[in-house]
2 protein chains.
Amino acid sequence: MSKIISVKNESKKETISKISAKLFRKKGFSATSMRELAVDIGVEASSLYNHIGSKSELLQIICFKVANDFINQINELEQIEIGVTIKLEKIIRFHIHKMLEDYDMVYVANHEWKHLQEPFLKNFLNQRKLYENKLIELIKIGISEKSIKKLNPQVLAFTILSAVRGLEFWQQHKKNIDIEELEKTMVTQLLTGIIK
Amino acid sequence: MSKIISVKNESKKETISKISAKLFRKKGFSATSMRELAVDIGVEASSLYNHIGSKSELLQIICFKVANDFINQINELEQIEIGVTIKLEKIIRFHIHKMLEDYDMVYVANHEWKHLQEPFLKNFLNQRKLYENKLIELIKIGISEKSIKKLNPQVLAFTILSAVRGLEFWQQHKKNIDIEELEKTMVTQLLTGIIK
DNA sequence: TTACAAAACTAACGCTTATTCGTTTTTAAT
DNA sequence: ATTAAAAACGAATAAGCGTTAGTTTTGTAA
């Protein structure tokens, strides 16, 4: 009857992944059925299996796409020779952009990763830990350079990550706020605090 | 065969709620079956229905217990006459304590609320919005009193809430860190920043 | 036009789900 | 010891799940 429509150079697998990401975000991975996904794509559920291996594979694609994007960004940043605080600012701004651009996928990677099957689950958590450790190392350098306060670097890193992760909030209030103001406010708050 | 064991003055409903919170946190609401819950309680699935109305009711109990605890705390705080920044510090510390004490329930309320059925879903979101607005109002007072930087109060509030929500992280690393140091670091970071 | 592959369809599989029913066991009060 | 209520049980229900199989339609290239 119908047919899977792919825009641009997107493969049909990518199309299905993106639409599944939207559904997984809205309803959760477990509560989303392949039949629901099929409806949103405009095809019968069984037809999906001409393009994907399993429901689980969709979650894998989403989670590792996001993980790789963040790892790649922080790797590139490591090469550049700029101050630690500027690097932190760039990281915060990257999180904000990613969250606003690839909202569904980032949200799913943050919230639904626990439904990954082994060995992907372990793999994903390793990637995340790797990212966290790179951020912690960066903060430690800042502390030793005396550009950052001597506080527990792990707590500092996790607080930053939590704060940017919470940008999900803003998807609802997107219209009410200017992105540049959002970035400026968050960077200021996380780096220099809120007290005058 | 077996029997539901309740400690202290806990009703059996409360016992079931707490154990379900642990399961909902670990596996997610949708991915947790009543049969699994029954195993953890030591009873057949059908026996649970002598004490609860439905699986959904368990989620309601958890979400509104948490929501009420937070609303009550901020209401009490409104009565007390202390400075805005001290109030903020108390709020942050309360979040930290709650997260460490009632980890499962707070986690579930934060992550699984979307599986609430109407009208409970709307009700819960209203409660949450109420809490957010109270925090925003507090920050606005701080800004007008010039104790807080003139930044977007909504962004400041949401960043704080996101950061404390991210305390889930620490459940895994609990052993590695002293709670007082955790509190001190987060309060310092969120209120006065990380840059020297 | 023919031929082949890609992708759609319908139907069904085996399994799990939350919940209900009728019955039996346990608990507690008389 | 008798009785009534509370709480357990096993079995069954209907619905939904991911996925597979077999078949038909569609698209493409010779």
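Chain naming here is simple, since letters A, B, ... match the order of the sequence lines and numbering starts at 1 in each.
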Below 4.0 Å: OP1/OP2 of C:dA6 and any side-chain N or O of A:His51: no
Length of the NZ-C1' vector between A:Lys13 and C:dA6, whole Å: 15 Å
Electrostatic pair A:Lys27-A:Glu36, nearest N-O below 4.0 angstrom: yes
Whole-Å gap separating P (C:dT19) and CD (B:Glu57): 10 Å
Rounded distance (Å) that lies between atom P of C:dT20 and atom CD1 of B:Ile52: 10 Å
Whole-Å gap separating P (C:dT16) and CG (B:Leu37): 18 Å
Selection from D:dT19, C:dA18, C:dA7 that lies nearest to any side-chain heavy atom of A:Ala45: D:dT19
Pairwise distance CZ(A:Phe29) to NZ(A:Lys114) - rounded to 0.5 angstrom: 13.0 Å
Integer-rounded Å distance: C:dA6 P and A:Leu48 CG: 18 Å
Sugar-phosphate, base or nothing in reach of B:Glu44, heavy atoms under 4.0 Å: sugar-phosphate
Any donor-acceptor N/O pair under 3.5 Å between C:dA6 base and A:Asn50 side chain: no
Nearest-Å distance for atom pair CD1/P, residues B:Ile16 and C:dT19: 13 Å
Side chain A:Ser46 and base C:dT10 donor-acceptor under 3.5 Å: yes
Nearest-neighbour nucleotide for the A:Lys55 side chain, C:dT19, D:dA7, D:dG18 considered: D:dG18
Short side-chain N/O contact from A:Ser47 to OP1 or OP2 of C:dA7, under 4.0 Å: no
Qualifying residues under side-chain hydrogen bond (donor to acceptor under 3.5 Å, both in side chains), relative to B:Lys87, sequence neighbours excluded: none
Close residues, residues 27-35 of chain B, relative to DNA chain C [heavy-atom separation under 4.0 Å]: B:Thr32, B:Ser33, B:Met34, B:Arg35
Ring geometry between B:Tyr103 and B:Tyr107 (parallel below 30°, tilted from 30 to 60°, perpendicular above 60°): perpendicular
Gap between atoms NZ and C1', on B:Lys12 and D:dA5 respectively (whole Å): 12 Å
Derivation and outcome, salt bridge (charged side-chain N to carboxylate O under 4.0 Å, His left out), residues B:Lys122 and B:Glu118: CA-CA 6 Å; B:Lys122 277 201 177 66; B:Glu118 297 292 3; 3.6 Å; yes
Out of D:dT20, C:dT19, D:dA8, whichever nucleotide has its closest atom nearest the side chain of B:Val43: D:dA8
Side-chain ion pair, A:Asp69 and A:Lys98, N-O less than 4.0 Å: yes
Integer-rounded Å distance: D:dG22 C1' and A:Tyr49 OH: 17 Å
Pair A:Glu180 + A:Arg93: basic N to acidic O under 4.0 Å: yes
